Enquirer: 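Got a structure for you, questions after.
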Number of protein chains: 2
Amino acid sequence: MSPARRNRTSGGEPNSGKAVRLKDVAAHLGLSPTTVSLVMNRSPAAKGIPPETQDRVRAAAAELGYRPNFIARSLRRQRTFAVGVLLPEISEGYAAGVLGGIEDQLLREGYFYLVAGHHSKPDLFDDYLQLLTERSVEGLILVNSPIEQALALPAVAVAGHREIAGVTNVVINHEMAARLALGHLAERGHRRIAFFKGHAHSADTESRWQAIVAASADLGLEIDPRLTLQLSGDAAGKEFSPEEGYREGHVFGRKLLETGARFTALFAFNDVSAIGAMRALTENGLRVPDDVSVVGFDDILSAAFQNPSLTTVRQPLHEMGRRAAAELLRKLSASGEDSPAAITIEPTLVVRNSTAPPRSDA
Amino acid sequence: MSPARRNRTSGGEPNSGKAVRLKDVAAHLGLSPTTVSLVMNRSPAAKGIPPETQDRVRAAAAELGYRPNFIARSLRRQRTFAVGVLLPEISEGYAAGVLGGIEDQLLREGYFYLVAGHHSKPDLFDDYLQLLTERSVEGLILVNSPIEQALALPAVAVAGHREIAGVTNVVINHEMAARLALGHLAERGHRRIAFFKGHAHSADTESRWQAIVAASADLGLEIDPRLTLQLSGDAAGKEFSPEEGYREGHVFGRKLLETGARFTALFAFNDVSAIGAMRALTENGLRVPDDVSVVGFDDILSAAFQNPSLTTVRQPLHEMGRRAAAELLRKLSASGEDSPAAITIEPTLVVRNSTAPPRSDA
DNA sequence: CTAGCATGCTAAAACGATTTAGTCCGCCCC
DNA sequence: GGGGCGGACTAAATCGTTTTAGCATGCTAG
């Protein structure tokens, strides 16, 4: 039908109208494909080929516009230079941020990646894992994705749930995060601090809470159980909806007031719940930061746009993705048998306008 | 070295420890690879093979855990079932939203995609285009990416700049957007409306502005040039930084006040500039929406979290991505010679708390 | 009795590279 | 004069499929 369909080549015919193959370059030069391949790949075996010939080959390749076919090369070399990325949902801020870092690193190193969003459904996760494997990805990066069994491929997890043999976890330094946030508040004179704990099934909840307990002890702060609310979330998967996080923060902000217990600051589990709580507080006549200081976690984009803008612990998502990708590539290269079980990333505190010293009469 | 390296197979040897190949299944059954392939692919040519044999083949494949090698298949069939996506920066909200829709559609149809972020640098764009082509993607989706020349592959653009032969553009219905926003304001009694125009080099600026002019005429609204500010942005590439958009909105909000011209509403070019402007207005003693109503564009996540929450024209990013992907797949399938030059997507108005009737004395 | 035709398969050639194991030629040197 | 060697290449196998073009075999019909 179409002109491109009209190629009845067999052996090494001219093959016009289609992409130039190695064979075409070879024929053009009156050389064998082997020679051309050797030269183009700067193979060590090409040392026997005189420089003039090498130049001729490269000139011809350039002239004809030869581009090696990656698929054929992959088949032969058993390398695809591609990795798979599994995440709950690509358009969600956390994953998108991490993915940005992953991409930077991978493209820089000549790799591409295939992404699949499993929407926190275990069977979708399994399906995509299967599909990625069939596509011969060389390794996996799991973002915010729980895994149960060991994987057949080298893998790195970002915000992974549990420890799995052979999977390196990229995690935020929760101790540092807690010290930063609580230190900031304590420095300004806050003693009665309320907390939102994360959802029970979220990866970071437990370690973050332990870090908070430890940091509080260090700073001589007491944790009042009445001021400690555990975000409930809904069924799995819903935890990633910002709207819901916001609503929850709103509800829990109100709950905090209803306890009647006094507090001058709130350290929320994440920015969206912090934002919801800020709204609840102001709606109830409290001013942020004059009456209550609020610290979030993540530094999502809207944190800076709040009124007041939100002081928060920033997770360097891009950096986390970058490190995850770098570590995976290290695992893929021959050298790395000795892969660490965890890579710790340091958070930073972004001080904005939602925190201030407590009023002297508070 | 490693046990996996120890496969000196030639012909059809057992091949233990490695992935099961078609050949292995065939050998296991005492049949030829041809037969197994025909059966596994439910090829029409398999009608000559009796059902019992077919069952035997499928049973053996299942038992041995046979998974076809996608690379080999791609090479032979000259199909990769992969498309390339080019965008400025993956972690940015607009692109991430669109990408979510692209993914949904592609994975549903058995495709994967390779993404590359060119950071608005033309040479990076060209490089990645080249790399994607080498990887034999079957088509391209361009998100917010200017193209100059025609492309060698079937392509669909989302928020594409100009019209290129053969490239279908997925665009928002700007007329509808203008009618929704201005109608909403006019209905509530606003007559003096200020505007932020987009950056000169942004794709949507011109068509959106024309739509605004048309809708204003229809509604009997006059456009005051003093109240029409063109966002300047910086060099190419910077237009995508939300921080800058915000800062610009902030500056321009103040400028608007300095003109001395009276206005009761502002229709911003996007949400971030609307948010910046809201901040500037409140800082100058004006209340939103009591003194000035503000309408944004995009409905980014933080729009809902503002105080007051932002009324805005929502671009259904997910839907736009989905449609783009669907159209590309249609182009790829034999049927579609008749591809439209544009696909128009309908925006919706999300009414929140940044708009209200003007004060009667305004 | 045999041409013809299903039926149930298979051999072998692609796809476009990489890589192992040579080949051929000329020259040197004893 | 011939063994050895280095230089410049190349033939052919291979990666794991798909697909075209047949090949036996047995039955039926004329």
Side-chain angles (χ1 to χ4, degrees), chain A residues 4-5 7-13 15 18-27 29-57 61 64 66-81 134-136, chain B residues 4-5 7-13 15 18-27 29-57 61 64 66-81 134-136:
Chain A
R5 218 73 208 77
N7 73 318
R8 297 254 112 268
T9 60
S10 96
E13 263 81 297
N15 166 299
K18 304 237 355 173
V20 179
R21 298 155 307 171
L22 190 63
K23 206 189 295 186
D24 300 322
V25 178
L29 287 164
L31 288 171
S32 75
T34 305
T35 305
V36 178
S37 173
L38 259 28
V39 171
M40 293 308 285
N41 293 305
R42 298 189 145 72
S43 151
K47 68 164 158 33
I49 297 167
E52 317 130 64
T53 307
Q54 302 214 13
D55 291 347
R56 274 205 308 142
V57 168
L64 299 181
Y66 168 65
R67 294 281 138 197
N69 179 315
F70 212 94
I71 308 283
R73 196 200 288 245
S74 294
L75 178 60
R76 176 61 233 229
R77 301 212 299 197
Q78 304 288 73
R79 300 280 323 260
T80 54
F81 293 92
E134 266 168 47
R135 294 238 178 187
S136 307
Chain B
R5 219 73 208 76
N7 70 318
R8 300 252 110 268
T9 59
S10 96
E13 264 81 296
N15 167 300
K18 305 236 355 172
V20 179
R21 298 155 307 172
L22 190 63
K23 206 190 293 189
D24 301 323
V25 178
L29 286 163
L31 288 172
S32 75
T34 305
T35 306
V36 178
S37 173
L38 260 26
V39 171
M40 292 309 284
N41 292 306
R42 299 190 144 71
S43 149
K47 68 165 159 31
I49 298 167
E52 317 129 63
T53 306
Q54 302 215 12
D55 291 346
R56 272 205 309 143
V57 168
L64 299 182
Y66 169 67
R67 295 279 138 198
N69 179 316
F70 212 94
I71 307 282
R73 195 199 288 245
S74 293
L75 179 59
R76 176 62 234 225
R77 302 211 299 195
Q78 304 287 77
R79 300 281 322 264
T80 55
F81 294 93
E134 266 168 46
R135 293 236 177 190
S136 306

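Note on naming: letters A, B, ... go to the chains in the order of the sequence lines (proteins, then strands), and numbering restarts at 1 for each one. These numbers were taken from a predicted model, which means no experiment stands behind them.
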Enquirer: Taking the nucleotide of DNA chain D with the nearest heavy atom to each, does B/Ile71 or B/Ser43 sit closer to the 5' end?
Expert: B/Ile71
Enquirer: A/Leu31 has an atom CG; how far is it from atom P of C/dC24, in whole Å?
Expert: 18 Å
Enquirer: Send over the distance from B/Gln78 CD to C/dA17 C1', rounded to a whole Å.
Expert: 12 Å
Enquirer: Tell me whether the OP1 or OP2 atom of C/dT18 has a side-chain N or O from A/Ser37 closer than 4.0 Å.
Expert: yes
Enquirer: Evaluate side-chain contact (heavy atoms from CB on, under 4.5 Å) for A/Asn41 paired with A/Arg73, printing each intermediate quantity in order.
Expert: CA-CA 11 Å; A/Asn41 293 305; A/Arg73 196 200 288 245; 3.4 Å; yes
Enquirer: Specify the separation, in whole Å, of atom CZ of B/Arg67 and atom P of D/dT17.
Expert: 12 Å
Enquirer: I need the CZ-P distance between B/Arg79 and D/dT19, as an integer number of Å.
Expert: 11 Å
Enquirer: Quick one: CG on A/Leu29 to OG1 on A/Thr53, what's the gap to the nearest 0.5 Å?
Expert: 9.5 Å
Enquirer: Of the non-hydrogen atoms in A/Val25 and A/Tyr66, which two are nearest, and what is the gap between them?
Expert: CG2-CB, 3.7 Å
Enquirer: Specify the separation, in whole Å, of atom CE of B/Met40 and atom P of D/dT19.
Expert: 15 Å
Enquirer: Report yes if at least one side-chain N or O of A/Asn41 is closer than 4.0 Å to OP1 or OP2 of C/dT18; otherwise report no.
Expert: yes
Enquirer: Tell me whether the side-chain N or O atoms of B/Thr34 pair up with the base of D/dT19 as donor and acceptor below 3.5 Å, since no angle test is needed here.
Expert: yes
Enquirer: Please classify the nucleic acid contact of A/Thr53 as base, sugar-phosphate, or nothing, using heavy-atom distances under 4.0 Å.
Expert: sugar-phosphate
Enquirer: Among the candidates D/dT17, D/dT19, D/dT10, find the nucleotide nearest to the side-chain atoms of A/Thr35.
Expert: D/dT10
Enquirer: Within this structure, what is the NZ-to-P distance between B/Lys47 and C/dC9, rounded to whole angstrom?
Expert: 14 Å
Enquirer: Can you say whether a donor on the side chain of A/Arg76 sits under 3.5 Å from an acceptor on the base of D/dT14, or the other way round?
Expert: yes
Enquirer: Can a side-chain donor-acceptor contact be found between B/Thr35 and B/Ser32 if the only test is distance below 3.5 angstrom?
Expert: yes
Enquirer: Could you state the CZ-C1' distance from A/Arg56 to D/dC9, rounded to the nearest angstrom?
Expert: 11 Å
Enquirer: To the nearest Å, how far apart are A/Leu22 CG and D/dT14 P?
Expert: 19 Å
Enquirer: Classify the nucleic acid contact of A/Pro33 as base, sugar-phosphate or nothing, counting any heavy atom under 4.0 Å across all strands shown.
Expert: nothing
Enquirer: Can you see which heavy atom on B/Asp24 is nearest to which on B/Ala19, and at what distance?
Expert: OD2-O, 4.0 Å
Enquirer: Which part of the nucleic acid does A/Tyr66 contact within heavy-atom distance under 4.0 Å: base, sugar-phosphate only, or nothing?
Expert: sugar-phosphate
Enquirer: Establish whether the base of D/dT17 is bridged to the side chain of B/Arg73 by a donor-acceptor pair shorter than 3.5 Å.
Expert: no
Enquirer: With DNA chain D as reference, determine whether B/Pro68 or A/Ala45 sits nearer its 5' end, using the nearest nucleotide of each.
Expert: A/Ala45
